[in-house]
Amino acid sequence: MATRRAGVLGWPVEHSRSPLIHGYWLARYGIDGRYDKLPVAPDDFEAYVRDMPRQGFVGANVTIPHKGAAHRLCDRLTSRAARLESVNTIWFEDGKICGDSTDGEGFVAALDSECPDWMDRHARALVLGAGGAAAPIVEALTTRGFDDVIVANRTLAKAEDLSRRLTCRAVPLEDVDAWLADCDLLVNTTSLGMKGEGAFTFDLQRLPPHAIVDDIVYVPLVTPLLAAARARNLRTVGGLGMLLHQAAPGFERWFGLKPEVTRELYDRLAADVAAS
Ligand code: ATR
């Protein structure tokens, strides 16, 4: 059988750590496959994807700015990808382009792995941000059974748009302090706290002692939000786990084996991020 190819489609895609993750699994399981960065401009996206099977590709990850275009291009979608109108994983089946959105699954799998009892209290989650990263997380939290998911965003209209499409409530970012007291899970999906970006101003002291704080930003590995939460002895989850766990369903589709997110892989990725 020919070498099975996969990769990550983005523009730009130079920063992607997906080749490190999939390359690790291909080597670990001795699979005859390869996974590459695939820089493809938006105007070329459709033609490129349609030609992929001919080039030996079994599928690909899709990242910014192509997730919406991939959703429109797919002949078959999982129900969550259809709901989210976003696709981050494609594969080819019976001559059809198929798509899924695995970010939400990655998010909850990271919590399952790092805070196994996180669903013991699931009355209220507060999600900061209403951009592309927020939607799959909101969807995954409500699918798992969180009773009340609140989305706080600087631009309220974007949170309101999310609340029309998914089961959540929209509030302005400046109201966050008022919602922290009853919050079981606080999730940051904004770029605040990322290297070179701004910082949060709200009062973490208001969170209850059992609250879990999850920041999907992973550069730096310990964001200012996570550092503040740890200083309060709250449990924290960083973004690397989500990055690793969202990759696993694609690998399984393409190469037929459910890969393990090992401590060694986590440490390799952390070292790569720390060196950047
Ligand atoms: P992504 O696809 O990664 O979610 P995005 O769609 O650009 O990226 O969304 C970025 C999120 O970070 C948005 O919720 C954005 O708020 P707005 O919708 O108001 O733009 C939020 N964000 C970015 N910079 C911010 C800042 N300085 N203060 C508050 N929120 C910020």
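One-based numbering, in listed order, for ligands and for the atoms of each.
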Exercise. Taking C-beta and beyond as the side chain, do L141 and V127 meet within less than 4.5 Å on heavy atoms?
Worked result: yes

For this session: Find out whether F251 and K258 are in side-chain contact, i.e. whether some heavy atom of one side chain is under 4.5 Å from a heavy atom of the other.
Result: no

Problem set entry | Q55, CD atom: more than 12 neighbouring heavy atoms under 6.0 Å |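 Above 12, so yes.
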
Exercise. Hey, is E139 close enough to R80 for a salt bridge, meaning N to O under 4.0 Å?
Worked result: no

Output, or 'none' if empty, a list of ligand 1-protein atom pairs in which both atoms are N or O and the distance is under 3.5 Å, rounded to 0.1 Å.
unit_1	atom_1	unit_2	atom_2	d
ligand 1	2 (O)	G132	N	3.1
ligand 1	4 (O)	G132	N	3.1
ligand 1	4 (O)	A133	N	3.0
ligand 1	6 (O)	G132	N	3.3
ligand 1	14 (O)	A130	N	3.0
ligand 1	14 (O)	N153	OD1	2.6
ligand 1	16 (O)	N153	OD1	3.3
ligand 1	18 (O)	N153	ND2	2.8
ligand 1	18 (O)	K158	NZ	2.9
ligand 1	19 (O)	R154	NE	3.0
ligand 1	19 (O)	T155	N	2.9
ligand 1	19 (O)	T155	OG1	2.5
ligand 1	20 (O)	R154	NH2	2.9
ligand 1	27 (N)	R154	NH1	3.3

For this session: Among D184, D147, D148, find the one that has a salt bridge (charged side-chain N to carboxylate O under 4.0 Å, His left out) with R124.
Result: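 With R124 as partner, D184, D147, D148 yield a single salt bridge (charged side-chain N to carboxylate O under 4.0 Å, His left out), made by D148.
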
For this session: Could you go through the salt bridge (Lys or Arg N to Asp or Glu O under 4.0 Å) check for D272 and R268 one step at a time?
Result: CA-CA 6 Å; D272 189 67; R268 277 199 200 184; over 6 Å; no

